Each structure stands twice: as structure tokens, then as C-alpha cells.
Amino acid sequence: MVKSSNNFAEILEKLLRYNKNSEKTIMIITAVKLENADLSLIKKIFSLPENCKVVNKVDSNILGGLIFKFGSQIIDLSIKGQLKNFKKQFNFSI
Amino acid sequence: MKSIDKYLKDIEEEIKSINIKPKIEEIGTVFEVRDGVAILTGLDNISYGEIVEFESGGKGYVVDLTKDRVGVIVLGDYSAIQVGEMAKSTGQMLSIPVSNDLLGRVIDPNGKPYDGLAPIVSNKFYPLEKIAPSVIYRHPVNTPLQTGIKIIDALIPIGRGQRELIIGDRGTGKTTIAIDTIINQKNENVICIYCAIGQKNSKIAQVIELLKKNQAMDYTIIVNAGASDPASLQYLAPYAATAIGEYFMDQGKDVLVVYDDLTKHAWAYREISLILRRPAGREAYPGDIFYLHSRLLERACKLDEKYGGGSLTALPIIETLEGDVSSYIPTNIISITDGQVFLESDLFNSGIRPAINIGLSVSRVGSSAQTLPMKKVSAKLKLDLAQYREMASFSQFESELDEQTRKFLNRGARLTQLLVQKKNNPYSLVEEVALIWAGNSPLLDNLPVSKITEFETRFLAILATQGNQVIKNINNKKELGSDDEKKLEELVKKTLAEI
């Protein structure tokens with residue numbers, strides 16, 4: 001995931017550029033609560049722009065990883081999402 | 001143990017090979033669930049006609065975009081969807097998987113098979129909603145679609161690429177005409193698609209049995225959205241059938257699609273529109289009920305040779321109430337199609353089956369979709385029957401009429417009886433031409449009407465054994481010369497001698 005951060009930054013930039021004028025915050029959904037230090041680390045790794053507001057929401061259903069939610073769009077990097085993908089792939093190959 | 005280890009290893013390989021790429025997905029939340037319709041919030045960047053996937057597994061089709069709500073019709077069972085559930089956009093338009101393996105199968109509008117055999121596997125998808133081919137892609141209809149029904153092939157001929165409406169009250173034989181046409185395409189190299197909308201599953205089972213018995217399932221596909229299926233599937237079934245038809249048409253083949261029936265299709269669409277709170281118009285139908293059918297039927301066409309030369313013939317069926325062809329939906333479809341076959345319960349009950357009213361039936365393609373022999377014999381038939389219809393009201397005064405009128409009435413009664421045929425019993429082109437020629441000639445004038453059916457059976461038997469030259473000429477050279485006519489005269493006289 002970290003290796004793909006450049007690609008990720010592009011995607012996020014697209015998102016933010018698209019919704020430039022609306023006052024939306026980026027919601028990060030994680031399975032466990034994130035400390036402020038963790039949030040700033042995430043901001044650094046994923047190259048989030050400094051001026052955007054970041055809110056953390058806890059949802060244990062996602063099992064792990066994180067989901068970026070921005071308005072009506074999401075980038076799903078959670079374990080639950082990946083498991084769903086696997087399920088779909090397996091159904092296809094059978 | 002070894003096999004389990006192997007399976008685990010295979011699964012590990014699969015997981016490693018799956019590529020995970022972060023991508024943006026459009027999501028929404030279910031706000032309301034109504035009968036077959038879900039209202040969502042979110043999905044800010046979704047387009048009309050996209051497919052959304054619900055968290056609980058079902059799929060939905062976007063049909064309503066308002067300021068802050070998205071209306072989605074649920075493709076399938078909506079009872080599993082809960083309020084607050086997440087729905088993700090798939091980014092794809094509504095399509096159906098198509099392949100040559102569809103022949104002989106019974107499927108639902110989503111492409112899932114009903115017949116318990118293997119699922120349809122395909123990497124080719126055809127969109128359900130498509131803009132009909134424009135003028136430049138089309139070619140005028142010039143090839144006949146033989147229905148095997150004497151009265152239709154002679155007087156209201158259907159061509160490949162035409163839309164011909166079959167309209168009548170309940171129980172007048174509309175589905176029978178469609179099924180007989182499908183059965184008759186056995187050696188004609190035409191792919192048939194029977195689209196059942198809102199029909200009883202028992203009726204569909206009977207249809208499948210009939211087609212199997214007549215070896216017609218090999219070239220037929222059945223798209224079924226039964227009466228107990230959700231209105232969304234009944235709404236989409238005709239479009240799914242047309243999409244499959246277009247797949248075969250693009251390969252240069254001739255396709256026949258039967259929509260049975262569009263009345264129930266209009267009802268399903270009315271149901272969905274009312275649930276979506278769209279304004280109700282005449283008879284509570286929504287404002288775009290005409291567009292619903294016109295965009296469907298316009299996709300039936302004959303393509304120009306440059307674009308493959310394939311064709312898609314549509315036989316929509318409409319059920320009227322009390323013979324009222326001037327009500328809303330029938331008049332809409334009559335104005336869209338290239339003609340209609342009008343069935344009457346009075347004719348049906350008096351034993352004239354197929355119960356076609358020749359006066360009100362028309363085919364706007366007409367004789368450009370007829371072979372030369374048929375054109376020759378049907379001209380006189382048309383005239384005689386028209387004269388008979390005009391004088392039919394005088395038949396009650398039979399004893400007081402002059403010779404000429406009595407002759408017309410006799411001729412007409414004989415011809416009408418000659419055109420009667422049993423169901424699921426299609427006639428070949430040769431048999432039709434020979435019988436109508438016999439009816440036109442004065443040779444049958446002294447035969448009582450009750451003996452016409454016997455004459456028909458015997459004549460066709462004699463023709464099959466002794467008329468080989470005539471059969472060859474009509475089938476291969478597509479002509480009826482004077483020698484052929486002399487031979488037919490000889491055979492008719494022989495048959496009359498036997499009776």
C-alpha cells in the first residue's frame with residue numbers, strides 16, 4: 001500500500017480538485033481509534049494536502065486497513081473490502 | 001490429506017495473483033425501500049442508466065436523478081435490502097451477457113438461466129438500452145418471413161425486418177400464431193427469441209414443451225419474466241430480448257423476436273412509474289409510455305449489406321378488452337408497427353381458426369415480402385375474399401339471390417374454409433401456393449364446403465408423391481409456370497375423383 005502512495009496521491013488530488021469549492025472533509029474510517037500522531041503520519045505518507053480537514057471514524061466491521069471517504073466517493077483499502085474482492089474472484093473462477 | 005494441501009496451495013496462489021489497485025468508488029446509502037424501488041442518498045456523480053450494487057448482493061438500475069436523491073429499480077428480490085445499507089456504483093450500463101450458447105436456453109432478463117443447466121459464460125455484453133439504427137444503416141424489407149399460416153403468408157405477408165402486431169382479445173390464438181411462426185423457421189436459418197412478459201409460468205412450460213416436441217428449441221431462446229417476477233424484470237425483459245437479437249443480427253443473421261405481451265409490459269412500467277411518484281397521465285400511465293414501446297420496436301430493422309445484411313423482425317402481441325382497438329396502448333402500438341394481424345373472438349368461436357379478420361388486418365410491407373408464385377396466386381384470392389366480405393350480409397337471403405351473387409358467396413365460403421388450419425401445423429410454401437391455386441380455379445366450385453378439409457389432406461398427399469417437378473420449380477426457381485399450373489390442374493382433378 002505504501003509503495004503505491006504516488007498513484008494514491010494522484011487519485012486523492014483528483015478528488016480534492018473536483019470538489020474544490022465545497023466544504024467537505026476527508027473522513028478516514030479505521031477499525032481502531034487513531035491518535036493525532038497517527039493521523040499526521042497518515043497525512044504525510046499519503047501526501048494529503050495540509051489545509052484539508054481530516055476526521056477519524058471508528059468502525060470495527062472493516063476488520064482492518066482504512067477507508068477514505070470524501071463526499072459520496074470512497075477509496076476502499078480495508079481488509080473487509082479486499083475479502084469481498086477475493087470472494088468475487090473465486091466465484092468467477094469456479 | 002494431500003488433496004487438501006493442494007487446494008490450500010491453489011488458494012494461496014490465487015490470492016497472490018489478485019491485483020489490488022486503489023480506486024475511487026461512488027457510494028450511496030439506502031434512504032427508502034419501496035416495492036421494487038430503492039431511494040438512495042449520495043451517489044453524487046452517478047449517471048442515468050448505471051448499475052449499482054447493494055451491500056446485500058443485489059443489483060439496481062438508476063432511473064431517477066433528483067437534486068439529492070437517486071431512484072433505483074432493484075433487479076431482483078428487494079426484500080433483502082435494508083435502510084442505511086451501502087450501495088456502490090459499478091460504472092457500467094445495464095447489459096446482458098450474450099453468446100451463441102444462448103440457443104436452446106431459458107433465461108431471465110439478467111442473463112441467469114432458468115432451465116437448471118450451466119450458467120451462461122461470456123465476455124461479450126450487449127447494452128439493453130440502445131439507440132435504433134438510423135436511416136443510413138437500413139435496407140428496405142425484401143425477404144419473406146414464412147409463418148406457415150396460409151392466410152398470413154397470402155394476404156398479410158410478413159417480411160424479415162418488419163414489425164407486425166398481433167392483436168386480439170384473450171383466448172383468440174395470438175400466442176399460437178407466434179409459436180407457429182417460430183416452429184416454421186426450422187429450416188429457414190432464422191434465430192427465434194420468445195420474450196414472455198408477465199405470463200403464467202405454466203403457460204411458458206407448455207410453450208417450451210411444444211417447441212421441444214417440434215425440434216424448435218435448437219434455434220430458439222426464451223427470455224422469461226413471469227407474473228410473479230418483480231415489475232423491474234418484466235419492464236426490462238423485452239429490452240433484454242432485443243439486445244440478444246441485436247447480437248445475432250450483427251453477425252449477419254436473421255432474427256425473429258416475439259414479445260408476449262406488451263400490454264403486461266406497459267402495466268409493469270406503469271407500476272414502477274407510480275412507485276417513483278412520476279405524474280400519472282391517461283389511464284394512470286406515465287407520460288413516456290409511447291417512448292417505452294417506440295424505442296423498443298424501432299430497433300427491429302433490416303440492415304444494409306454493408307453492415308452485415310442481418311435483420312430483426314418483431315412480432316409484438318397486444319391483448320385488447322372487448323375488441324376495443326381504439327384504447328390507449330393498442331392505438332400507440334398500431335401507430336408504431338408496420339401492420340397488424342387482427343384476431344376476433346366471433347370468428348374464433350364460429351370455428352374459423354386462425355381467427356384473423358382480413359378486413360382489419362394489414363401488412364404495410366405487403367407483396368415486396370412475397371415470392372413470385374405466392375404473389376401470383378394471392379392476387380385473385382384477395383379479390384374474391386373482398387367481394388365475399390362485401391356480400392356476406394346477403395348470405396341469409398340465399399334462396400332469393402341471383403346466380404352471380406350466389407356464385408361469389410359459394411366461392412368465398414370455400415376459400416374461407418380452405419384457409420382454416422389446425423394449430424401447430426405449419427404449411428410449407430409449396431403447399432400454400434398449391435392449395436390457394438386450387439381454391440382460385442373453378443375446379444372446386446361444385447365441392448361442398450364440408451368436404452374442403454378432406455380435399456386438402458388428399459390433395460397435399462398426392463402433391464407430395466406425384467408433383468415433384470412443381471415442388472422443385474416453386475422451391476428452387478421460385479416461379480409457377482404454365483406447365484406447373486397444368487400439372488396442378490391434373491392433380492386437383494385426380495383428388496376430386498377420389499372424393
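Note that the structure is a prediction, hence the values are computed from the model and not measured. Residue numbers start from 1 in every chain, and the chains themselves are labelled A, B, ... in the order their sequence lines are given, proteins ahead of strands.
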Visitor: Above 12 or not: heavy atoms from other molecules or residues under 6.0 Å from NZ of A:K84?
Guide: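 More than 12 within 6.0 Å, yes.
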Visitor: Please set out all donor-acceptor pairs under 3.5 angstrom arising from side-chain atoms of residues 237-247 of chain B, sequence neighbours excluded.
Guide:
unit_1	atom_1	unit_2	atom_2	d
B:Y239	OH	B:L292	O	2.5
B:Y239	OH	B:R295	NH2	3.4
B:T242	OG1	B:P238	O	2.7
B:T242	OG1	B:Y259	OH	2.8
B:E246	OE1	B:R299	NH2	3.0
B:E246	OE2	B:R299	NE	2.9
B:Y247	OH	B:N100	OD1	3.4
B:Y247	OH	B:Q251	NE2	3.2

Visitor: In sequence, state the C-alpha distance, the side-chain angles, and the governing distance for B:K23 and A:I75, and then conclude on side-chain contact (heavy atoms from CB on, under 4.5 Å).
Guide: CA-CA 6 Å; B:K23 55 178 167 68; A:I75 300 177; over 6 Å; no
Visitor: Pairs under 3.5 angstrom only: tabulate donor-acceptor contacts from the side chains of residues 224-233 of chain B to other protein residues two or more places apart or in another chain.
Guide:
unit_1	atom_1	unit_2	atom_2	d
B:D229	OD2	B:Y114	OH	3.0
B:D229	OD2	B:G226	N	2.7
B:S232	OG	B:V74	O	2.7

Visitor: Show the atom names and distances, to 0.1 Å, of all donor-acceptor pairs under 3.5 Å that link a side chain in residues 51-65 of chain B to residues at least two apart or in another chain.
Guide:
unit_1	atom_1	unit_2	atom_2	d
B:E55	OE1	B:M86	N	3.0
B:S56	OG	B:E85	OE2	2.8
B:D64	OD1	B:R278	NH2	3.3

Visitor: Take a 6.0 Å sphere around OH of B:Y291 and say whether it holds more than 12 heavy atoms from other residues, nucleotides or ligands.
Guide: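 Atom OH in B:Y291 is not crowded, with 12 or fewer foreign heavy atoms closer than 6.0 Å.
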Visitor: What residues of residues 30-43 of chain B make heavy-atom contacts with chain A at a cutoff under 4.5 angstrom?
Guide: B:G42, B:L43
Visitor: Hey, could you give me the OG/CD1 distance between A:S72 and B:I24, rounded to the nearest 0.5 Å?
Guide: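 A:S72 OG to B:I24 CD1: 10.5 Å, rounded to 0.5 Å.
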Visitor: Which heavy atom of A:I74 sits nearest a heavy atom of B:I27, and at what distance?
Guide: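 Looking at all heavy atoms of both residues, the shortest contact is CG2-CD1, 3.4 Å.
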Visitor: Would you say B:I131 has more than 12 foreign heavy atoms packed within less than 6.0 Å of its CD1?
Guide: no
Visitor: If you count every heavy atom of other residues, nucleotides or ligands that lies below 6.0 Å from B:D218 atom CG, does the total exceed 12?
Guide: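 More than 12 within 6.0 Å, yes.
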